Structures are given as C-alpha cells and as structure tokens.
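Computed from heavy atoms alone, side chains included, the values below leave out hydrogens, waters and symmetry copies. Throughout, a chain's letter reflects where its sequence line sits, starting with A, and its residues are numbered from 1. Not measured: the values here are computed from a predicted model.
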2 protein chains.
Amino acid sequence: MGLNQNKPSRGRPKTLDREHVLDVAMASYWKEDIGNLSLNEICRRCDISKPGLYREFLNEDGLMKAVILKYHQEVLSPVQQMLSHDAPFQATLDNLILFAVSADDSQGAPKGCLLIKMREAQMHLGEATRAQIDLIQEQAVATYKKWIECSQAKGEFTVDMTPEFAATYIDAQLGHASSQLARGEDPQMVKRILMAALSILK
Amino acid sequence: MGLNQNKPSRGRPKTLDREHVLDVAMASYWKEDIGNLSLNEICRRCDISKPGLYREFLNEDGLMKAVILKYHQEVLSPVQQMLSHDAPFQATLDNLILFAVSADDSQGAPKGCLLIKMREAQMHLGEATRAQIDLIQEQAVATYKKWIECSQAKGEFTVDMTPEFAATYIDAQLGHASSQLARGEDPQMVKRILMAALSILK
DNA sequence: CTAATTAAATACCAGTCGGTACAATAAGCG
DNA sequence: CGCTTATTGTACCGACTGGTATTTAATTAG
C-alpha cells in the first residue's frame with residue numbers, strides 16, 4: 001500500500017493513507033446508518049486524527065463526495081460498461097437483475113447500492129455530495145436510454161414505450177430493489193418483485 | 001381542544017395537550033428528516049418542557065409509537081376500509097393509485113406516507129416503534145390479500161398470480177411511489193411509473 | 001548547522017443531544 | 001388551614017458532534 005505516487009519531497013512525510021480512509025468510510029457508510037456515522041467515528045476506525053481527515057478532505061462533504069466517486073469507479077462503472085456490449089437485450093436485462101439482487105448474505109455485509117442508499121437518505125447532504133449523486137444518477141439513466149435505443153434499433157426492444165421512460169422505469173425499479181435489500185428484505189422476494197415489474201418490458 | 005375527558009380530580013391540573021403534541025410531532029416527522037429531529041426541538045415547537053414530554057410518552061420510542069398509531073387511525077384506516085367496499089377491482093386499484101400520488105404541492109407540505117418514510121429510515125428506531133410499524137405493515141398486506149381474493153372470487157382479478165404475491169407486489173410498488181414522492185420527484189412521473197408497474201395486474 | 005516547509009496529534013471550542021433530579025405550583029381532601 | 005397528590009418547568013448531567021487553534025515532529029534546502 002503505497003500512499004501516493006509523486007513525492008514533491010518537502011516537509012514531513014505523509015502517513016495518511018487516503019485510499020485506506022476511503023475504503024473504511026465507504027464500507028461504513030454502506031453498512032450502517034449514514035446519518036449517525038460521525039467523522040469522529042471514522043477517524044477512530046482509520047486510526048487517524050481529526051485534523052488529518054480535514055486536511056485531506058476539507059470537511060464531511062468532501063469525504064462523502066470522494067467516497068461516492070470511488071464507489072462509482074469501483075462498483076458502478078463495470079455495470080454501466082456491460083450496457084455497451086451488444087449482447088441481446090433480454091440477456092443484458094437478466095444480468096442487470098442478477099447484479100441488483102446479488103447479495104452477500106454474510107452478517108455485516110453491505111446490502112444494496114450505496115449510491116441509492118445515499119440518495120434515499122432523508123438527512124441533509126452537503127452540496128458537493130448531492131451534486132455528485134445527481135450527476136451519476138443522470139449518467140446512469142442516460143446510459144440506460146442509449147442501451148434501449150440500441151436494442152430498439154436491433155429490433156430486440158419492441159414494447160410501445162419511449163426509451164426515455166423505459167430508462168427511467170428501469171432505474172426506478174432497480175433503485176426500489178436496492179432499497180428493499182438494504183432494508184433487509186428477502187432477496188428471493190426482491191428478485192420476484194423486480195422480475196415482475198420489469199416483465200412489462202418484454 | 002379539551003385536553004382530556006375524565007378528571008380523577010386530584011393534584012395539579014394537567015395543561016399538556018397530548019393530541020396537540022402528537023399533531024406537531026406527526027407533522028414534523030412527516031415533513032423533515034426524522035433522524036435529525038430532536039425531542040428538544042419538538043418540545044420547543046409544542047411549547048412544553050422536556051420532563052413533560054417524558055412523563056406523557058416515557059421516551060422517544062413511546063412518542064414515535066404514539067405518532068404512528070395516530071397516523072394509522074387518521075390517515076391509513078380510511079384507505080384500508082375502501083378495500084372492503086365491493087367496488088370493481090380496477091376502480092379500487094385506480095383509487096389506490098390516486099391516493100398514493102395525491103400530493104399537496106404547496107411548500108412544506110408532507111410528501112408520501114409517514115409510515116413508509118419511517119420504515120425506510122436508516123436510523124435506529126426504538127423497539128415499540130419498530131414493532132408498531134411491522135404490525136401495521138402486516139395488516140396492510142393482509143388487507144390487500146383479502147381484497148384480491150375477493151376480487152378473484154368475483155372474477156375481476158384473473159391474472160395468474162397468487163393473491164399473496166399480488167398483495168406483496170402492490171404494497172411494494174405503493175411504497176416505492178411514496179418513497180419517490182418523499183424524495184421530491186415529479187408526481188406525474190411517479191404516477192406513470194406506478195401505473196406501469198401495476199399494469200401487470202390487468 | 002539553521003530555516004523553511006509540511007504533516008502530525010493533542011486539546012480544545014460552542015452547540016446539541018437524550019434523559020433526569022428537584023423544587024415550585026396547583027388542585028382536592030380532611 | 002395543612003396534607004396529599006399530581007404536574008409543572010428550571011437547571012443540570014455526561015456524551016457526543018463538526019470543526020479548529022496550536023504545538024510538535026519530520027523532512028529538505030541552503
């Protein structure tokens with residue numbers, strides 16, 4: 001674990017491991033009540049001091065935005081890329097469903113999508129965090145839309161429905177499933193409901 | 001506003017208006033971030049002292065349970081009763097949709113269902129509160145199920161689907177719509193999505 | 001060596017939280 | 001009139017929060 005690459009070499013060497021902090025924070029936000037997870041607690045878990053965290057991330061808003069960015073890069077991007085491969089529409093949709101309800105049932109494992117959990121959190125989020133969530137959300141819907149337009153052109157998506165609405169509908173139902181999983185509902189039932197809801201696209 | 005009915009007539013007369021406190025608390029929980037609404041703030045809004053609130057409701061758990069109970073009686077019960085009238089299945093379903101997305105668009109008005117908002121809150125809820133939510137939830141699904149079984153017997157519900165699953169599905173989609181409204185999404189779009197999701201029941 | 005630079009952690013700030021001890025107050029009863 | 005009973009609000013508790021002022025430690029430049 002090599003902290004950072006380029007050392008401008010001056011002053012006391014940095015010991016704070018940014019990626020480690022982000023890993024710990026991401027896991028914590030993902031698994032626990034975001035609104036009740038304090039910066040103090042995160043510092044304790046990373047074994048860093050509070051001023052250290054503030055120097056690296058400016059404030060809570062900066063940390064959460066960085067966490068979201070990392071989550072998007074590491075978790076969401078691969079799924080979005082899947083939508084660009086030209087596999088059959090139904091196969092891709094099935095993969096999407098599988099990904100959405102794939103749950104590590106081990107105790108303490110995160111359930112559902114962190115981004116959606118944050119979007120649905122009732123708590124006040126910082127400006128940067130909120131903006132980042134909205135941006136990724138819009139990107140996701142746009143990606144769905146392109147995928148559907150593509151499938152429409154290939155004659156694999158034939159339902160009488162605008163790609164715009166279909167994209168919004170898929171995003172909504174996937175979000176719904178994630179929310180149910182996060183709440184602890186039975187993954188089998190979540191999958192049944194999700195498949196039923198998405199069956200209108202056939 | 002007549003505080004309470006029966007005075008056992010002894011000791012200092014009570015001035016705390018239980019129903020008023022519940023009204024204020026319900027509106028507050030409904031409109032704002034439940035996890036960030038403190039008892040201190042509720043006391044301020046009701047113009048009562050903190051020990052007064054604790055004497056009446058024991059603790060935060062007791063207050064929230066009482067709020068949920070009142071919400072169920074005043075808001076949810078009428079809807080559940082509608083399901084017992086033997087109107088045509090589709091008409092009742094339409095009414096359900098209308099009720100779910102009926103939103104007062106005035107600023108500061110509550111959006112969505114308070115019970116669902118509480119159910120989806122990530123924060124830790126007290127035992128009594130959690131139990132009360134689960135109870136009402138189960139009652140709701142059971143009511144949906146009976147309604148569907150009834151409609152099935154009348155030949156108005158003919159989809160190949162167990163009433164059990166249909167009830168769960170309806171509950172899930174109504175909850176989803178409520179959650180979207182609470183998040184501030186466009187009621188028209190929420191309605192479109194809800195109608196699309198429930199179209200599989202036709 | 002000293003000076004400059006950068007990051008470290010301790011110790012603190014005012015504010016808020018859920019919850020309570022306690023004394024004052026207001027009524028009926030004898 | 002006191003005595004009992006019940007409700008009131010003030011003033012407090014320790015714990016925690018997001019955030020910071022400040023000192024100390026570790027390094028390089030000259």
Side-chain angles (χ1 to χ4, degrees), chain A residues 1-21 25 28-29 32-67 121-130, chain B residues 1-21 25 28-29 32-67 121-130:
Chain A
M1 50 150 87
L3 303 170
N4 254 340
Q5 57 281 23
N6 50 347
K7 274 200 175 184
S9 311
R10 193 68 179 274
R12 180 170 175 171
K14 168 178 274 186
T15 62
L16 186 146
D17 186 343
R18 185 178 223 267
E19 293 309 308
H20 174 63
V21 173
S28 300
Y29 284 136
E32 301 163 38
D33 174 11
I34 299 175
N36 275 22
L37 185 64
S38 69
L39 293 183
N40 284 316
E41 181 61 24
I42 291 175
C43 287
R44 256 170 254 139
R45 295 182 187 184
C46 301
D47 198 35
I48 62 172
S49 71
K50 215 172 354 170
L53 191 146
Y54 277 86
R55 200 175 331 102
E56 186 69 27
F57 299 103
L58 191 61
N59 53 26
E60 194 167 26
D61 197 16
L63 173 64
M64 291 187 73
K65 175 178 173 175
V67 165
Q122 299 159 6
M123 66 175 289
H124 170 75
L125 296 177
E127 278 185 39
T129 304
R130 185 68 73 184
Chain B
M1 47 142 92
L3 302 171
N4 254 340
Q5 58 282 25
N6 49 347
K7 275 199 176 185
S9 319
R10 195 68 180 275
R12 181 171 174 170
K14 167 179 275 188
T15 62
L16 186 147
D17 186 342
R18 185 179 222 268
E19 292 309 309
H20 175 62
V21 173
S28 300
Y29 283 135
E32 301 163 40
D33 174 12
I34 298 174
N36 276 22
L37 185 64
S38 68
L39 294 183
N40 283 316
E41 182 60 25
I42 291 175
C43 287
R44 256 170 254 138
R45 296 182 186 183
C46 300
D47 197 36
I48 61 171
S49 70
K50 214 165 8 161
L53 191 146
Y54 277 86
R55 199 175 333 101
E56 186 69 27
F57 300 102
L58 190 61
N59 54 24
E60 194 166 26
D61 196 15
L63 173 64
M64 291 187 73
K65 174 176 173 175
V67 166
Q122 299 158 7
M123 68 174 288
H124 170 76
L125 296 176
E127 277 185 40
T129 304
R130 185 67 74 183

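A donor N or O paired with an acceptor N or O is not found under 3.5 Å between the base of D:dT27 and the side-chain atoms of A:Arg10.
Looking only at side-chain heavy atoms (C-beta outward), B:Glu56 and B:Lys14 come within less than 4.5 Å of each other. With a 4.5 Å cut-off on side-chain heavy atoms, A:Lys65 and A:Leu58 do not count as touching. Taking 4.5 Å as the limit, some side-chain heavy atom of A:Leu125 sits within range of a side-chain heavy atom of A:Met64.
The line from CZ of A:Arg18 to CD1 of A:Ile48 is 11.0 Å long, rounded to the nearest 0.5 Å.
When each of B:Asp61 and B:Arg12 is assigned the nucleotide of DNA chain C bearing its nearest heavy atom, the one mapping closer to the 5' terminus is B:Asp61.
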Residues A:Gln122, B:Ile34; criterion side-chain contact (heavy atoms from CB on, under 4.5 Å); working and verdict = CA-CA 7 Å; A:Gln122 299 159 6; B:Ile34 298 174; 3.9 Å; yes
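Here the P atom of nucleotide D:dG19 and the CE atom of A:Met64 are 12 Å apart, to the nearest Å. Atom NZ of A:Lys14 and atom P of C:dA8 are 7 Å apart (whole Å). B:Leu58 has its CG atom 13 Å from the C1' atom of C:dG18, to the nearest Å.
Between B:Thr15 and D:dT7 there is no side-chain N or O to OP1 or OP2 distance below 4.0 Å.
Look at B:Arg130 and B:Glu127 and you find no salt bridge, because none of the NZ, NE, NH1 or NH2 atoms lies under 4.0 Å from a carboxylate O.
Taken residue by residue, residues 36-55 of chain B places heavy atoms nearer than 4.0 Å to DNA chain C at B:Ser38, B:Leu39, B:Asn40, B:Arg44, B:Lys50, B:Pro51, B:Tyr54.
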